[in-house]
Amino acid sequence: EYTTELGDLVKPYNPQLAVYIYSKSGSPEMTVQGLAETGQFDQIINYCKKVNYQPNFLNILKKILDSGLMDKAVEFGKMLCNRGEGGKNSPAVPLATCFDLFLQYNKVTELITIMSDALECNKSEDAALQTKLLELSLSRDPNLAVSILQRKKMTYYDKQKVARMCEQIGLFGYALENYTDINDIRRIVVNTHLLNKDQLISFLCSIEPEKAKVCLQDIIKASAHNTPLAAEAAFKLGESGIVPKMDIIKMFDAAGSIDGMFLFLRQDIA
């Protein structure tokens with residue numbers, strides 16, 4: 001006779017056979033948990049439909065977390081939070097609840113892995129959760145935060161809050177990309193020794209012309225050490241028509257930066 005007790009006895013030795021026993025014993029909860037623990041995620045939905053069972057997915061996920069099968073917990077979590085292509089479907093469980101569950105178990109890396117996938121469909125209603133994910137990543141694993149920010153798949157998070165955190169932990173380039181207030185931007189751009197050159201120039205070329213002009217002026221004035229970078233940024237801004245070339249020449253002249261003007265003109269003539 002097939003019973004859940006028999007399945008429990010078999011499980012440590014043959015998890016696949018235990019799943020079969022659970023299904024034959026008429027225990028859908030244990031069957032679904034067994035399917036999840038053995039990585040048979042594609043069979044879970046079909047099985048539930050077949051036996052007309054509406055599982056408590058969060059309870060099952062919690063049991064997998066309790067068992068310490070972290071790779072399976074991540075896979076199952078991804079399945080539960082999956083919204084389909086373009087985010088057209090609803091996840092099997094509320095994303096915020098899944099987020100809090102992994103956080104409760106202090107599984108931060110796993111949480112970030114699941115949520116960064118689930119939130120990349122970029123919905124406005126996920127603004128608070130996007131912010132929460134980035135705050136957690138920046139405070140616990142900045143490298144993961146950088147990988148999320150680099151992909152630029154999320155856009156509804158609180159940019160001011162994220163920018164402030166980036167600045168506090170030394171991710172000045174990402175602080176720059178997320179600040180919107182010109183005073184914050186001007187505070188960051190003059191610290192060229194702390195910024196990636198390509199990231200800084202790309203940023204200057206992406207903002208409003210008037211802001212770009214003010215920032216370039218600040219960089220030129222801040223320090224003679226900025227001269228090579230200022231000249232390169234000036235060339236890119238002038239070449240793209242963001243800042244008029246005559247205005248750039250006047251900036252170098254007003255700052256008394258003959259070297260900067262020479263480097264700029266040399267690139268412009270070349």
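Between P91 and V93 the shortest side-chain heavy-atom distance does not fall below 4.5 Å. Counting heavy atoms from C-beta outward, K245 and D247 have side chains that stay 4.5 Å or more apart. Using a 4.5 Å cut-off on side-chain heavy atoms (C-beta onward), I248 and M261 make no contact. The side-chain heavy atoms of F99 and L136, taken from C-beta on, include a pair separated by under 4.5 Å. Counting heavy atoms from C-beta on, the side chains of F57 and F76 come closer than 4.5 Å. No side-chain heavy atom of N82 sits under 4.5 Å from any side-chain heavy atom of N89. Considering only heavy atoms from C-beta on, C98 comes within 4.5 Å of L61 through its side chain. Taking 4.5 Å as the limit, some side-chain heavy atom of T131 sits within range of a side-chain heavy atom of E135.
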Step-by-step side-chain contact (heavy atoms from CB on, under 4.5 Å) determination, L111 to Y105: CA-CA 10 Å; L111 184 163; Y105 280 80; over 6 Å; no
Test side-chain contact (heavy atoms from CB on, under 4.5 Å) applied to M30 and D8, step by step: CA-CA 9 Å; M30 294 302 295; D8 291 342; 3.8 Å; yes
Pair S137-L149, side-chain contact (heavy atoms from CB on, under 4.5 Å): steps then yes or no: CA-CA 10 Å; S137 305; L149 291 167; over 6 Å; no
Derivation and outcome, side-chain contact (heavy atoms from CB on, under 4.5 Å), residues D141 and V108: CA-CA 8 Å; D141 195 333; V108 174; 5.6 Å; no
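A cation-pi geometry, defined here as NZ or CZ lying under 6.0 Å from the six-membered ring centre and within 45° of its normal, holds between R187 and Y179. Figure legend: K159 and Y157 shown as a cation-pi pair, the cationic atom lying under 6.0 angstrom from the six-membered ring centre and within 45 degrees of its axis.
A distance of 11.0 Å separates CG of N196 from CG of L176, quoted to the nearest 0.5 Å. Here the NZ atom belonging to K50 is positioned 10.0 Å from the CD atom belonging to Q43, to the nearest 0.5 angstrom. The distance from the CD1 atom of I148 to the OG atom of S116 is 5.0 Å, given to the nearest 0.5 Å. Going from atom CG of L95 over to atom NZ of K123 covers 10.0 Å, rounded to the nearest 0.5 Å. In this structure, L134 CG and M165 CE are separated by 9.0 Å, a value rounded to the nearest 0.5 Å. With rounding to the nearest 0.5 Å, the separation of CD1 in I44 from OH in Y53 is 11.0 Å.
For E37 and Q33, the side-chain atoms include at least one donor-acceptor pair closer than 3.5 Å. Side-chain N/O atoms of E239 and Q267 include no donor and acceptor closer than 3.5 Å. A donor atom on one side chain and an acceptor atom on the other are found under 3.5 Å apart for Q130 and N122. Using modelled atom types, one finds no donor on one side chain facing an acceptor on the other under 3.5 Å when comparing D259 with T227. A donor atom on one side chain and an acceptor atom on the other are not found under 3.5 Å apart for E29 and N56.
In the hydrophobic clustering (ILVMFWY side chains linked at under 4.5 Å, chained through shared members), I201 stands by itself.
With hydrogens and angles ignored, the 3.5 Å screen pairs no side-chain donor or acceptor of S202 with any backbone N or O of Q199. A donor-acceptor pair under 3.5 Å is absent between the side-chain atoms of R186 and the main chain of V214, judged by distance alone. With hydrogens and angles ignored, the 3.5 Å screen pairs a side-chain donor or acceptor of N178 with a backbone N or O of Y174. Of the possible donor and acceptor atoms, one in the side chain of T31 sits under 3.5 Å from a partner among the backbone N and O of S23. Looking at N14, its side chain does come within 3.5 Å of a backbone N or O of L17 through a donor-acceptor pair. Looking at N191, its side chain never comes within 3.5 Å of a backbone N or O of L194 through a donor-acceptor pair.
In plain terms, the two heavy atoms of V10 and A18 that are nearest each other are CG1-N, 4.1 Å. Of all heavy-atom pairs between A255 and K221, the closest is CB-CG, 4.4 Å. For P228 against A224, the heavy-atom pair with the smallest separation is CD-O, 4.4 Å. Between A73 and I114, the closest heavy-atom pair is O-CD1, 4.4 Å. Pairing each heavy atom of I220 with each of M251, the nearest pair is CD1-CB, 3.8 Å. Residues G260 and A231 approach most closely at O-CB, 4.0 Å, considering heavy atoms.
A continuous path of Ile, Leu, Val, Met, Phe, Trp and Tyr side chains, each step under 4.5 Å between heavy atoms, connects L58 with M70, placing both in one hydrophobic cluster. In terms of hydrophobic clustering, with Ile, Leu, Val, Met, Phe, Trp and Tyr side chains grouped at heavy-atom distances under 4.5 Å, F252 and L263 are assigned to different clusters. In the hydrophobic clustering of this structure, V162 does not group with Y156; members are Ile, Leu, Val, Met, Phe, Trp, Tyr whose side-chain heavy atoms approach within less than 4.5 Å, directly or through other members. Hydrophobic clustering (ILVMFWY, side-chain heavy atoms < 4.5 Å, transitive): Y20 and Y22 are in distinct clusters.
Partner of D117 under the salt bridge (charged side-chain N to carboxylate O under 4.0 Å, His left out) criterion, chosen from K78, K153, R151, R83: K78. Only one option out of D158, D100, D126 pairs with K132 in a side chain to side chain donor-acceptor pair (under 3.5 Å); it is D100.
Open room surrounds CG on N52; 12 or fewer heavy atoms of other groups in view lie less than 6.0 Å from it. Summarising the local packing, CD of E208 is surrounded by 12 or fewer heavy atoms from other residues, nucleotides or ligands at distances under 6.0 Å.
Here D198 does not pair with K236 in a salt bridge; the nearest charged N to carboxylate O distance is not below 4.0 Å.
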